[in-house]
Amino acid sequence: MSDIPVSARPVTVDREVPVNYDLGNLALYDSNMLDAEAMKSEAAKEAHLTALARDSAQLLVNQLLAQPVVTGGRTGGDARTSEGVFVKLPDTVYQLPREKPVPTPKPPTKWEKFAKQKGITKERNTGNQVYDEATGEWVKKWGYKGKNQDAPWIVEVDANGEAVDEGQSKKKKREEKPPSSLLKTTRPSKRK
Amino acid sequence: MMRTVKPRNARSKRAQVAREPKLIENTKKALTVRGSTCSLTVQNAMADLVAYKQPDVKKFQKKNQIHPFEDASSLEFFSQKNDASLVLFGSSSKKRPDTLTFFRSFNYQILDMFELRMLTYKAISEFKKNAVNVGMKPMFSFVGPIFDSHPHYKMVKSMLLDFFRGEQLTMLDLEGLQYIIQVSAAGDGNISVYSGDTSSLPDINFRVYQLKTYKSKTQTKVPRVELEEIGPRIDFKLGRVHEADPDLLKQAMRVPKQLQPKEKKNVETDIMGDKIATIHVGTQDLRTLQTRKMKGLKKRRNGDFEGSEPMQEFGDIDIVSDDDDKPRKKRR
């Protein structure tokens, strides 16, 4: 093989028994037997093992490149921050033991138990906006144009039969008066 | 068991939270511990092996009077203190020269453990200097049918995979494919499981190679891979083995419900590999059904219908159907 230039060497590998892949762990499980003849002498053993490893690496690379590819800057994890070509790894096949037990939810406190029994739920602050189904708009719960304000049940009416706007009439009165600054300057300094 | 203290400040709280059991676990940390006698070869071998586990490693420098197969409680203690579930213990005695013990804990209790005696050892430093970046994930290749058949070799496979695999990723940068760890064993896998004679078990060859990729002249995008050995090169003989307690192993192998794949309803795959699905369709509204179009039923554009005068004006006419309020073509 060594006399052929590297680029001309094949990228396919033939194994007698097909290998099992575990791409989530980047692993390959090869159940082919090692060559017993080659394992006898030191040099032949190393050459055999290296050849096997090369084949395995080639098989793994071939499989990995067949996975969906994401080019940098689009999806989660490191792909967001760094540039480069990413492959999406499938889930692991060979299950390894956990380090610590599966987390269990915290036991409820005495209060939580009691609250559940009594049906007490925590009141969440939902803000000052409420949906008015009649008009189909979001309105304030209280305050100016608030939902809790009913239309006045009695209204003062002027001679024309129109409602007297108390606020407006007060404002008019204020505007008719000269500004207080003017009043000050025109006021005599001392009266005696 | 160590007592748990309520954290007094935010830093210690963070440290405690980091140790808590999680749904998706932290990367397992490793610890190297020296026995009461630990030859330089073993020390170097431990350093070499652990070089591929960086940065999730802690190395202990002092000797410890520990015999893990007699009493593993010290290793359990170290495991808990350092939050490291993997321990590599090195020792060398007259009876068991140059021995590495791989220890794995679950919930700070011993899960499984085995001993590997080094037969040959060639250090990383004896190979041509090739740097593999810190924290890169290795590729693995386990060669030999014995890794699927013999329980002890299965354990070796599981342990070595667990030890070196590093961070669990969903997205892998192709630049990160830098080296491959090959673990191989001879034999046809038909070795009697508990003959008691460990000398007949095949040696385990541990090799590490760096990947070199070359553009292939063939039309495919796939590159040609060549390898260069970067060491360490170790041949192991399997020694004593502590198998996992079945109950503990069952607990350790539990997959949390949230991580289990969701069962897909109404979709099946038959023997031929064809996907078969059941579709539930709601009741059909026959009133909006499009039937045959007829000119007579056609709506005119300006809203009036054929025979534009109102019907009331004709006193004695037959209306095709009087229960239908649609105007129909009148008949005389």
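Below, read A as the first sequence line, B as the second, and so on, with proteins coming before strands; counting in each chain starts at 1. Keep in mind that what you see is a predicted model, and the values were worked out from it rather than measured.
Counting only heavy atoms from C-beta outward, the side chains of B/V222 and A/Q58 approach each other to under 4.5 Å. Looking only at side-chain heavy atoms (C-beta outward), B/P145 and A/M33 come within less than 4.5 Å of each other. In this structure the side chain of B/P223 reaches within 4.5 angstrom of the side chain of A/L65, judged on heavy atoms. Side-chain contact between A/K45 and B/D235 is present, with heavy atoms from C-beta onward closer than 4.5 Å.
Annotation: the span from A/L28 atom CG to B/F142 atom CZ amounts to 10.5 Å, rounded to 0.5 Å. Taking CG of A/D91 as the start and OG1 of B/T170 as the end, the distance is 9.5 Å to the nearest 0.5 Å. Interatomic distance, A/Y94 OH to B/L161 CG, rounded to the nearest 0.5 Å: 7.5 Å. A distance of 9.5 Å separates CG in A/L26 from CD1 in B/I180, rounded to the nearest 0.5 Å. Put simply, OG on B/S79 and CD on A/E99 are 8.0 Å apart, with the number rounded to the nearest 0.5 Å. Going from atom OG1 of A/T50 over to atom CD of B/E229 covers 5.5 Å, rounded to the nearest 0.5 Å.
Taking A/A27, A/A66, A/P90, A/P68 one by one and counting their heavy-atom pairs under 4.5 Å with chain B, the maximum is reached by A/A27. For the set B/P138, B/P256, B/P21, the count of heavy-atom pairs under 4.5 angstrom toward chain A peaks at B/P21. For the options B/R104, B/E20, B/K28, heavy-atom pairs under 4.5 Å to chain A are most numerous at B/K28. Comparing B/Q109, B/K157, B/R19 by heavy-atom pairs within less than 4.5 Å of chain A, the highest count is held by B/K157. Note on B/F106, B/Y214, B/F147: by heavy-atom pairs under 4.5 Å with chain A, the leading option is B/F106.
For B/L177, the part lying near chain A is the side chain, with the backbone staying farther off; criterion is any non-hydrogen pair under 4.5 Å. When heavy atoms are compared at a cutoff of 4.5 Å, B/K250 does not approach chain A at all. Contact of B/D203 with chain A is not made at all, since no heavy-atom distance falls under 4.5 Å. Contact annotation for A/L60: only side-chain heavy atoms (C-beta onward) come within less than 4.5 Å of a heavy atom of chain B. Interface remark: A/A57 contributes backbone and side-chain atoms alike to the contact with chain B (heavy atom separation under 4.5 Å). Both the backbone and the side chain of B/S141 come within contact range of chain A, each with at least one heavy atom under 4.5 Å from a heavy atom of that chain. When heavy atoms are compared at a cutoff of 4.5 Å, B/R254 approaches chain A by way of both its backbone and its side chain. Neither the backbone nor the side chain of B/L86 has a heavy atom closer than 4.5 Å to any heavy atom of chain A. Contact of A/T92 with chain B is made through the side chain alone, with heavy-atom distances under 4.5 Å. For B/A244, no part lies under 4.5 angstrom from a heavy atom of chain A. B/L172 touches chain A through backbone and side chain together, each having a heavy atom under 4.5 Å away. In this structure, the portion of A/L64 lying under 4.5 Å from any heavy atom of chain B is its side chain and not its backbone. Looking at B/K137, the atoms closer than 4.5 Å to chain A (heavy atoms on both sides) sit in the backbone and in the side chain alike. Contacts between B/E228 and chain A at a heavy-atom distance below 4.5 Å are absent for every atom of the residue.
Closest of all the heavy-atom pairs between B/V225 and A/R54 is O-NH1, 2.6 Å. Shown here for A/L49 and B/Y209, the closest heavy-atom pair between the two residues is C-OH, 3.7 Å. Across all non-hydrogen atoms, the minimal contact from A/L52 to B/Q182 is CB-NE2, 3.4 Å. The two atoms that bring A/L96 and B/S158 nearest to each other are CD2-O, 3.4 Å, heavy atoms only. The minimum heavy-atom distance linking A/N25 with B/F140 is given by the pair O-CD1, 3.6 Å. Nearest heavy-atom pair, B/A186 versus A/L34, reported as atom, atom and distance to 0.1 Å: N-CD1, 3.6 Å.
Between B/D162 and A/R98 no salt bridge is recorded (no basic side-chain N to carboxylate O distance below 4.0 Å). Using a 4.0 Å cut-off between a side-chain N of Lys or Arg and a carboxylate O of Asp or Glu, B/R207 and A/E46 qualify as a salt bridge.
Crowding of B/K122 atom NZ: a count of heavy atoms from other residues, nucleotides or ligands under 6.0 Å exceeding 12. No more than 12 heavy-atom neighbours from other residues, nucleotides or ligands sit within 6.0 angstrom of CG on A/D14. In this structure, A/E133 places its CD atom where only 12 or fewer heavy-atom neighbours from other residues, nucleotides or ligands lie under 6.0 Å away. Counting heavy atoms of neighbouring residues, nucleotides and ligands inside a 6.0 Å radius, atom NZ of A/K141 exceeds 12 of them. Within a 6.0 Å radius of CD in A/E37, no more than 12 heavy atoms belonging to other residues, nucleotides or ligands are found.
Under the ring-ring contact (aromatic ring centres under 6.0 Å, His included) criterion, the residue pairs touching residues 115-143 of chain A are A/Y131-A/W138, with sequence neighbours excluded.
Although no hydrogens or angles enter the test, the distance criterion places a donor-acceptor pair under 3.5 Å between the side chain of B/E25 and the main chain of A/K100.
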Residue pair B/N205, A/M39: steps toward the side-chain contact (heavy atoms from CB on, under 4.5 Å) verdict:
CA-CA 11 Å; B/N205 311 307; A/M39 295 301 278; 3.5 Å; yes
